[in-house]
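Letters A, B, ... are given to chains in the order of the sequence lines, protein chains preceding strands, and every chain is numbered from 1.
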Amino acid sequence: MAYSEKVLDHFKHPKNVGTLDKSKSNVGTGLVGAPECGDVMRLQIEVDEESQIIKDAKFKTFGCGSAIASSSLATEWLKGKSIDEALAIDNMDIVEELALPPVKIHCSVLAEDAIKSAIIDYKQKNGVQVEAESHSH
Amino acid sequence: MSVRQIYLDNNSTTPVDPRVVDTMVPYFHEIPGNAASRTHPFGWKAEEAVDYGREQIANLIGVDSKEIIFTSGATESDNLALKGAFEMYSRKGDHIITLQTEHKAVLDSCKKIEKLGGKVTYLEVERNGIVDLNKLREAITDKTILISIMWANNETGVIQPMKEIGEICAEKGILFMSDATQAVGKIPVNPKEVGIHLMAFTSHKMYGPKGVGALFVNRKNPRVKVTSQMDGGGHERGMRSGTLNVPGIVGFGKAAELCGQDMVKDTQRLSALRDKLENNLMTNLEEVYINGSVDHRMPHVTNLSFKHVEGEGLMMTFNNIAVSSGSACTSASLEPSYVLMALGLGDDLAHSSIRFSLGRFNTEEDIDLAADSLLKGVNHMRDLSPIWEMYKEGIDLESVVWSEH
Ligand SMILES: Cc1ncc(COP(=O)(O)O)c(C=O)c1O
Ligand code: FES
């Protein structure tokens, strides 16, 4: 299978790889997937407490090139967005941007799940009530 | 492709040896005959060429040339052997025993046989990929007509105890069929010595052309027959109709001759290179595991799992090395390799596996370059891997509640 240029670029030069301090109250962490499924994504956001804007995002991903590219792209998109804007990111936006083939759509779903789960974690830490919302696939 | 490409996927298919290509060329145009045409010199020449190829192949495996049936490849040979024997011997019994780690050509033929009313036992293998002979004995019933066990596995290179299995079959009067696709031409294979009655193999795994294979069918003590699965002009002693692929057979024959000539030399060289690659990776990286038996495996194959690194992603880190992975992400079905799963590897290690299969045209430089790329690739992937980070922090991954999907 041939990968799109954008996937290759994110894969070779992933943006925002790393770890944020998850003990901080303004850091939300999402850990989705499972080693048995061959994909685990950890995505973290750091929210500016005053403006409620995501000021930093980091990821680490165990998975195929498309999963790594999806999470790299997601962290890029997250920076500078408000929580609500971040919640609006849809996996199909990632599919389109990276030109993922159908067999790799679930890699983008995982990225969307990781964003949502990082936001839920952030909200819970900060006493905001959230309904557990997550894709099932 | 400006980058030097290194082909380490010889278990998938081998490059055709240039010496093989040379022998094939005249049979496309200059000598156009159909080996079945008995009335003119074109046909006679083609027939002579086929006979000679058959001889060369028979010599490599120590059998009579009349015992070689030409097919289109090992897939067809497996189908013919299994379905053909089931049809031919169904009055004697309806039970077949095989392994969970067999090639799909065997497993899916067995599935078809089950649909036709047969019974099939798919035996598990031990952790090292080898069949437990006691379990094999226990699986035999008075209805068992055939045991089908591959000589060497395509993914792990693990070699089964052929002689012992042959003895069990002889003792119980059961037909012994083997898919020897990965072994023929690479290590000494003689079906008669180990009591095999039906044996499938193919040209394109031994430096010959694609689209031609063979089925060895034992002719004496016992005289074995299989019901044809391809009906027509009654070629190949009535077991496989269809105009013979003359250039293909010429090439297959030459390839067999060369494998016989070069076997000792190739084996020594390739096993040294394989060991070098393996040692390099295992000493310079943590948490690398060899999948399958180390003592009973093909000299040119190693199947390694790089813990907490996903195989497809790892392969993407290099653009100059052709290998294959048992990772689910490489398969359309999103299931990891069933062969590795049958060895009892956890899904995580199956996802992390890479198969290196060396061949006649690999050089030491290839191996060193490949090792370099692998070291870089694994480190890159581990830097990106959250579970490697967790493992390094001493977190027990078993204790984490994962959001399975
Ligand atoms: C063990 C085994 N059996 C059968 C086959 C099928 O061979 P062919 O491609 O000649 O049909 C292969 C190769 O893919 C193989 O490795
Ligand atoms: S993580 Fe398996 S296909 Fe993307």
Side-chain angles (χ1 to χ4, degrees), chain A residues 1-4 7-19 22 29-44 58-72 75 101-107 109-110 112-114 116-117 120 132 134-137, chain B residues 287 305-319 324-337 340-341 345-353 376-393 395-405:
Chain A
M1 184 182 22
Y3 299 96
S4 72
V7 168
L8 281 174
D9 191 48
H10 275 287
F11 179 77
K12 290 205 178 117
H13 312 286
K15 313 291 182 319
N16 311 310
V17 178
T19 311
K22 62 173 180 274
T29 301
L31 182 66
V32 297
E36 298 80 62
C37 306
D39 39 35
V40 176
M41 219 175 255
R42 190 193 60 205
L43 192 145
Q44 295 179 299
K58 295 256 184 257
F59 85 95
K60 279 201 177 184
T61 291
F62 163 79
C64 75
S66 306
I68 287 167
S70 297
S71 30
S72 169
T75 54
V103 292
K104 296 294 179 185
I105 288 182
H106 77 273
C107 314
V109 172
L110 206 61
E112 185 189 322
D113 283 356
K116 300 235 150 82
S117 128
I120 290 172
S134 172
H135 255 96
S136 59
H137 44 276
Chain B
E287 298 290 315
S305 282
F306 301 92
K307 207 166 179 170
H308 305 323
V309 170
E310 192 280 316
E312 184 187 0
L314 176 57
M315 289 196 289
M316 245 177 102
T317 62
F318 32 76
N319 56 359
S324 68
S325 169
S327 161
C329 303
T330 59
S331 71
S333 64
L334 296 174
E335 295 292 331
S337 150
L340 297 181
M341 297 304 284
L345 245 67
D347 298 70
D348 53 337
L349 279 181
H351 284 290
S352 303
S353 69
K376 284 199 199 99
V378 170
N379 287 326
H380 177 75
M381 292 301 282
R382 282 183 174 165
D383 287 343
L384 282 173
S385 171
I387 49 178
W388 179 252
E389 182 185 297
M390 291 160 92
Y391 162 77
K392 279 290 178 181
E393 284 170 354
I395 297 170
D396 177 12
L397 294 172
E398 303 285 326
S399 72
V400 177
V401 186
W402 301 102
S403 61
E404 314 249 353
H405 57 291

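- Looking at A:Pro35, the atoms closer than 4.5 Å to chain B (heavy atoms on both sides) sit in the backbone and in the side chain alike.
- The residue among A:Gly18, A:Ser66, A:Cys64 with the most heavy atom pairs within less than 4.5 Å of chain B is A:Cys64.
- For the pair B:Glu287 and B:Arg382, the minimum side-chain heavy-atom distance is below 4.5 Å.
- Under a 3.5 Å cut-off, the side chain of A:Ser72 and the backbone N or O of A:Ile68 do not form any donor-acceptor pair.
- Neither side chain, B:Glu312 nor B:Ser327, offers a donor N or O lying under 3.5 Å from an acceptor on the other.
- Exactly one residue among A:Lys58, A:Gln44, A:Arg42 makes a side-chain hydrogen bond (donor to acceptor under 3.5 Å, both in side chains) with A:Thr19. That residue is A:Arg42.
- Using a 4.5 Å heavy-atom threshold, the side chains of A:Val17 and B:Asp383 count as separate.
- Proximity to chain A is limited to the side chain of B:Met390, based on heavy atoms less than 4.5 angstrom apart.
- Interface summary for chain B: among A:Met41, A:Lys60, A:Lys12, the most heavy-atom pairs under 4.5 angstrom belong to A:Lys60.
- Taking chain B as the reference chain and counting heavy-atom pairs below 4.5 Å, the highest number among A:Leu31, A:Leu8, A:Val7 is found for A:Leu31.
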